[in-house]
Amino acid sequence: MGRGDLTNAEWGRLKPHLPASGRRGGRWNDHRKVINGILFRVRTGIPWRDLPERFGRWKTVYERHRRWSADGTWDRILRAVQADADLAGRIDWSMVSVDSTSCRAHQHAAGARKKKPRVPKKGTTPRHHRPDEGLGRSRGGLTSKIHLAGEGGCRPMAFLLTPGQWGDAQQMIEVLERIRVSRPQGGHPRTRPDHLGGDKAYSSRRNRRYLRRRQIKHTIPEPKDQRANRKRRGSKGGRPTGFDSGTYKRRNEVERTINRLKNSRAVATRYDKRAYVFHGTVTTAAIRLWLRP
C-alpha cells in the first residue's frame with residue numbers, strides 16, 4: 001500500500017457503495033487500484049498522464065473519474081458515506097456553518113470546448129454542467145469559488161461550485177438545500193441542522209427569512225450599514241437580530257473544513273477544464289475526509 005492509498009478500514013467502508021463490477025469486457029474490474037489512482041491525482045495535482053504505473057493505464061483512471069463525475073456516481077457515494085456516518089452518530093448536527101473559498105484556476109483549466117458535453121453512451125448532459133464552466137474573473141484572476149456547509153466535525157455536508165466573482169449571500173440557500181442525509185433504517189432524510197453559523201457576508205433579509213421559515217436557529221452578525229438602515233426605518237425596520245459571540249466562535253469549524261479540503265492540491269488549484277469534472281474532484285476529496293476516522 002502506497003502513501004495516501006485507501007487503508008483496509010477505509011476500503012471496507014467504501015466498497016459496499018461502489019457500482020457493481022464484472023461488466024462485459026471487465027471495464028470496472030479492480031476498483032481499489034483505480035480509486036487509489038484518482039485519490040493520488042487529487043492529492044498531488046499532477047497531470048493525469050504522469051500517474052505512476054502502479055495504478056495502471058492513466059487513461060483508465062481518468063475515464064473512470066470523468067464518467068463518475070458526469071453520471072453522479074461520486075455524489076451518490078458521498079451521500080452513502082454520510083448516511084453511514086450519521087447512523088454511527090459521527091455527524092455533529094449541533095452546528096453547521098457556511099463559508100466560501102476561491103480556487104485559482106491554472107492555465108490548463110481554461111479553453112474548454114463551447115459544445116455541450118455528453119455522458120458517454122447515454123447522450124445526456126452531465127450533472128453539474130455549467131455553460132460558464134464555473135470560471136470567472138476576480139481580483140485573483142481566473143478563479144472558481146466553492147460555497148460549502150461544514151458540520152462540527154470539520155467535514156463538508158454540501159457544496160456548490162460557481163465562478164470566482166459570484167457573491168456569497170445569494171448562494172447560501174442553494175447550499176443548504178443540498179444537505180440531504182438519508183436514514184438507512186427508515187424515515188425521511190435529514191436536511192436541517194440544529195444551528196447555522198455564518199459571517200456577515202450572509203446577512204440579508206432574504207436569508208434570515210428563509211432560516212426562520214425552516215425554524216433553523218442561526219448566528220450571523222449584522223453589518224453596520226444594515227444595522228444603521230434598520231434603525232433609520234424605525235418600527236418598519238424590524239427587530240434587532242440576535243447574536244451570540246460565544247456560539248459565533250464555532251464558525252472556525254467551516255474554515256478548518258476548507259483547509260482540509262484544500263490540502264488536496266487539485267482542489268486548491270483547479271486544473272480541470274470542465275466544471276462537472278472539477279465538481280467530481282472536490283467530491284472525491286470530500287469522500288476521503290468522511291472515510292477517515
Side-chain angles (χ1 to χ4, degrees), residues 5-23 28 31-32 34-36 38-39 42 64-65 67-99 127-128 146-160 172-198 210-219 247 250 253-254 256-258 260-261 279-280 282-293:
D5 289 354
L6 293 170
T7 64
N8 291 333
E10 292 172 342
W11 174 247
R13 287 193 290 269
L14 180 63
K15 185 178 179 180
H17 309 302
L18 298 177
S21 60
R23 296 183 180 182
W28 300 125
H31 276 317
R32 187 170 184 174
V34 174
I35 292 176
N36 280 334
I38 295 172
L39 293 175
V42 172
R64 188 83 51 95
H65 177 63
R67 287 172 182 268
W68 286 4
S69 300
D71 62 15
T73 299
W74 284 130
D75 295 325
R76 290 190 290 270
I77 294 174
L78 176 60
R79 289 195 296 267
V81 296
Q82 286 177 340
D84 290 346
D86 190 39
L87 187 62
R90 293 173 48 236
I91 296 183
D92 186 358
W93 289 98
S94 63
M95 182 73 166
V96 169
S97 301
V98 291
D99 205 351
R127 296 188 61 181
H128 308 298
I146 303 174
H147 308 262
L148 62 84
E151 50 96 40
C154 299
R155 290 166 298 189
M157 298 294 296
F159 68 91
L160 171 68
M172 189 199 77
I173 295 178
E174 185 172 353
V175 172
L176 293 181
E177 292 288 343
R178 294 190 176 199
I179 298 178
R180 189 176 184 85
V181 179
S182 60
R183 294 171 175 172
Q185 294 184 339
H188 295 288
R190 179 159 185 177
T191 60
R192 186 176 62 180
D194 298 332
H195 203 100
L196 182 81
Y210 169 83
L211 294 171
R212 286 194 298 267
R213 178 171 59 83
R214 293 195 61 190
Q215 298 180 354
I216 300 176
K217 298 179 181 179
H218 54 278
T219 300
T247 303
R250 290 193 61 185
E253 293 166 350
V254 69
R256 288 152 57 197
T257 302
I258 291 173
R260 291 185 178 186
L261 268 181
H279 189 281
V282 180
T283 305
T284 305
I287 291 171
R288 188 61 190 271
L289 292 181
W290 281 100
L291 291 177
R292 289 173 178 167

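- How far OG1 of Thr191 is from CD1 of Ile179: 8.0 Å, rounded to the nearest 0.5 Å.
- Shown here for Thr283 and Trp74, the closest heavy-atom pair between the two residues is CG2-O, 3.5 Å.
- When only modelled atom types and interatomic distance are considered, His31 and Arg64 share a side-chain donor-acceptor pair under 3.5 Å.
- Taking CD of Gln215 as the start and CZ of Arg213 as the end, the distance is 10.5 Å to the nearest 0.5 Å.
- Contact detail for Pro156 and Leu289: the closest heavy-atom pair is CD-CD1, 3.9 Å.
- Using a 4.5 Å heavy-atom threshold, the side chains of Asp71 and Arg76 count as touching.
- Side-chain contact between Ile35 and Leu18 is present, with heavy atoms from C-beta onward closer than 4.5 Å.
- Annotation for Met172 and Leu196: closest pair SD-CD2, 4.0 Å, computed over non-hydrogen atoms.
- With no hydrogens or angles considered, no side-chain donor-acceptor pair links Asp84 and Trp290 at under 3.5 Å.
- Distance check, rounded to the nearest 0.5 Å: CZ of Arg127 to OG1 of Thr73 gives 9.5 Å.
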Between Leu148 and Val282, is the side-chain contact (heavy atoms from CB on, under 4.5 Å) condition met? List the steps. CA-CA 11 Å; Leu148 62 84; Val282 180; over 6 Å; no
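- Between Arg183 and His188, every side-chain heavy-atom pair lies at or beyond the 4.5 Å cut-off.
- With hydrogens and angles ignored, the 3.5 Å screen pairs a side-chain donor or acceptor of Asn36 with a backbone N or O of Leu6.
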Determine, step by step, whether Arg288 and Glu10 satisfy the side-chain contact (heavy atoms from CB on, under 4.5 Å) criterion, reporting the C-alpha distance in whole Å, the side-chain angles of both residues, the deciding distance to 0.1 Å, and the verdict.
CA-CA 9 Å; Arg288 188 61 190 271; Glu10 292 172 342; 3.1 Å; yes
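- The nearest pair of heavy atoms linking Gln82 to Met157 is NE2-O, 3.2 Å.
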Stepwise, does the side-chain contact (heavy atoms from CB on, under 4.5 Å) test hold for Tyr210 with Glu177? CA-CA 11 Å; Tyr210 169 83; Glu177 292 288 343; 2.8 Å; yes
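- Counting heavy atoms from C-beta on, the side chains of Asp5 and Leu39 never come closer than 4.5 Å.
- Across all their heavy atoms, Leu261 and Ala286 have their closest contact at CD2-N, 3.8 Å.
- Interatomic distance, Arg190 CZ to Asp86 CG, rounded to the nearest 0.5 Å: 7.0 Å.
- Two residues are said to be in side-chain contact when any heavy atoms from C-beta on lie closer than 4.5 Å; Val98 and Val254 fail this criterion.
- Between His128 and His279, the ring planes are parallel. Angles under 30° get that label, and only those over 60° would be called perpendicular.
- Each of His195, Lys217, His218 was checked for a side-chain contact (heavy atoms from CB on, under 4.5 Å) with Thr247, and the lone residue meeting it is His195.
- Side-chain contact, Arg250 with Thr219: no donor N or O sits under 3.5 Å from an acceptor N or O.
- Residue Arg256 holds its CZ atom at 13.5 Å from CG of Asp99, rounded to the nearest 0.5 Å.
- Residues Leu176 and Leu211 have side chains in contact (heavy-atom distance under 4.5 Å, counting atoms from C-beta outward).
- Under the 4.5 Å side-chain criterion, counting only non-hydrogen atoms from C-beta, Arg79 is not in contact with His17.
- A distance of 8.0 Å separates CD1 in Ile146 from CD1 in Ile258, rounded to the nearest 0.5 Å.
- At least one side-chain heavy atom of Val181 sits less than 4.5 Å from a side-chain heavy atom of Trp93.
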Does the side-chain contact (heavy atoms from CB on, under 4.5 Å) test come out yes or no for Arg90 and Arg155, once each step is laid out? CA-CA 10 Å; Arg90 293 173 48 236; Arg155 290 166 298 189; 3.1 Å; yes
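- When all heavy atoms of Thr257 and Gly150 are compared, the closest pair comes out as OG1-CA, 4.4 Å.
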